[in-house]
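Just the heavy atoms: all of them, side chains too, but no hydrogens, waters or symmetry mates, feed the values below.
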Amino acid sequence: QVQLVESGGGSVQSGGSLRLSCAASRYPSSSGCMTWFRQAPGKEREGVATIKTDGTTMYTDSVKGRFTISQDNAKKTSYLQMDSLKPEDTAMYYCAVRLGGVSWRGCLSFYVMDYWGKGTLVTISS
């Protein structure tokens, strides 16, 4: 079992910033990834940003240039810095881990993840 604990959610106004953290009890191998997902009410869960242990990153188009994923491998922690937030960024944010054996493109897909955190709520007001 792998435990993932998210923190850092909250409520901010449009244009503001938040930094989410995800502490993992186990970090993925070089062929795995840590990914941040979000799910807004009535919408499907979508992959927002993902990172490999070598620091390679990938983002969904709607957050490129505004969100930055990073990690501290020694602390087994992933971070999601969210700037220039918009009301449409309002969602429950989850971190997830695929421990290994996945194609890089698959790392933004929710169905390939092995373990999930419980989520942290982000609310952006206009």
Would you be so kind as to tabulate the donor-acceptor pairs closer than 3.5 Å made by side chains of residues 80-88, with sequence neighbours excluded?
from: Q81; atom 1: NE2; to: D83; atom 2: OD1; distance (Å): 2.9
from: D83; atom 1: OD1; to: S17; atom 2: OG; distance (Å): 2.7

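- Within the 4.5 Å cutoff, the side chain of R98 has no heavy atoms near those of the P28 side chain.
- Among residues at least two apart or in separate chains, salt bridge (Lys or Arg N to Asp or Glu O under 4.0 Å) pairs with a member in residues 43-56 are R38-E46.
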Working note: S78 + W36, criterion side-chain hydrogen bond (donor to acceptor under 3.5 Å, both in side chains); need CA distance, chi angles, decisive distance, verdict.
CA-CA 9 Å; S78 170; W36 284 93; 3.1 Å; yes
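- The distance from the OG atom of S25 to the CG atom of L4 is 6.5 Å, given to the nearest 0.5 Å.
- G55 and Q71 make their closest contact through N-NE2, 3.7 Å (heavy atoms, listed as atom of the first residue, atom of the second, distance).
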I'd like to know whether I69 forms a side chain to side chain contact (heavy atoms under 4.5 Å, CB included) with M58, so could you lay out the CA-CA distance, the side-chain angles of the two residues, the decisive distance to 0.1 Å, and finally the verdict.
CA-CA 9 Å; I69 189 170; M58 182 167 56; over 6 Å; no
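- Between C33 and T50, the shortest heavy-atom distance links the atoms CB-OG1, 3.5 Å.
- Annotation: ring-ring contact (aromatic ring centres under 6.0 Å, His included) contacts involving residues 48-96, sequence neighbours excluded, are absent.
- Using a distance-only test at 3.5 Å, with no hydrogens or angles considered, no donor-acceptor pair links the side chain of T35 to the main chain of A96.
- Here salt bridge (Lys or Arg N to Asp or Glu O under 4.0 Å) pairs that include residues 3-28, with residues two or more places apart or in two chains, number zero.
- One distance of note links OG1 of T56 with CD1 of I51; it measures 8.0 Å at 0.5 Å rounding.
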Working for side chain to side chain contact (heavy atoms under 4.5 Å, CB included), residues Y27 and T77
CA-CA 8 Å; Y27 225 55; T77 300; over 6 Å; no
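- The stretch residues 42-80 participates, sequence neighbours left out, in no disulfide bond (SG atoms under 2.5 Å apart) pair at all.
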Under 3.5 Å, which donor-acceptor pairs do the side chains of residues 109-126 form with other protein atoms, sequence neighbours left out?
from: D114; atom 1: OD2; to: L99; atom 2: N; distance (Å): 2.8
from: T120; atom 1: OG1; to: G9; atom 2: N; distance (Å): 3.1

Run M92 and F37 through side chain to side chain contact (heavy atoms under 4.5 Å, CB included) and show every step you take.
CA-CA 8 Å; M92 185 70 79; F37 292 82; over 6 Å; no
Passes side chain to side chain contact (heavy atoms under 4.5 Å, CB included), V97 versus V2? Steps please.
CA-CA 9 Å; V97 63; V2 176; 4.2 Å; yes
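- Scanning both residues, L18 and G8, for their nearest heavy atoms gives CD2-O, 3.9 Å.
- Minimum interatomic distance between S31 and G100 (heavy atoms only, all atoms of both residues): OG-CA, 3.4 Å.
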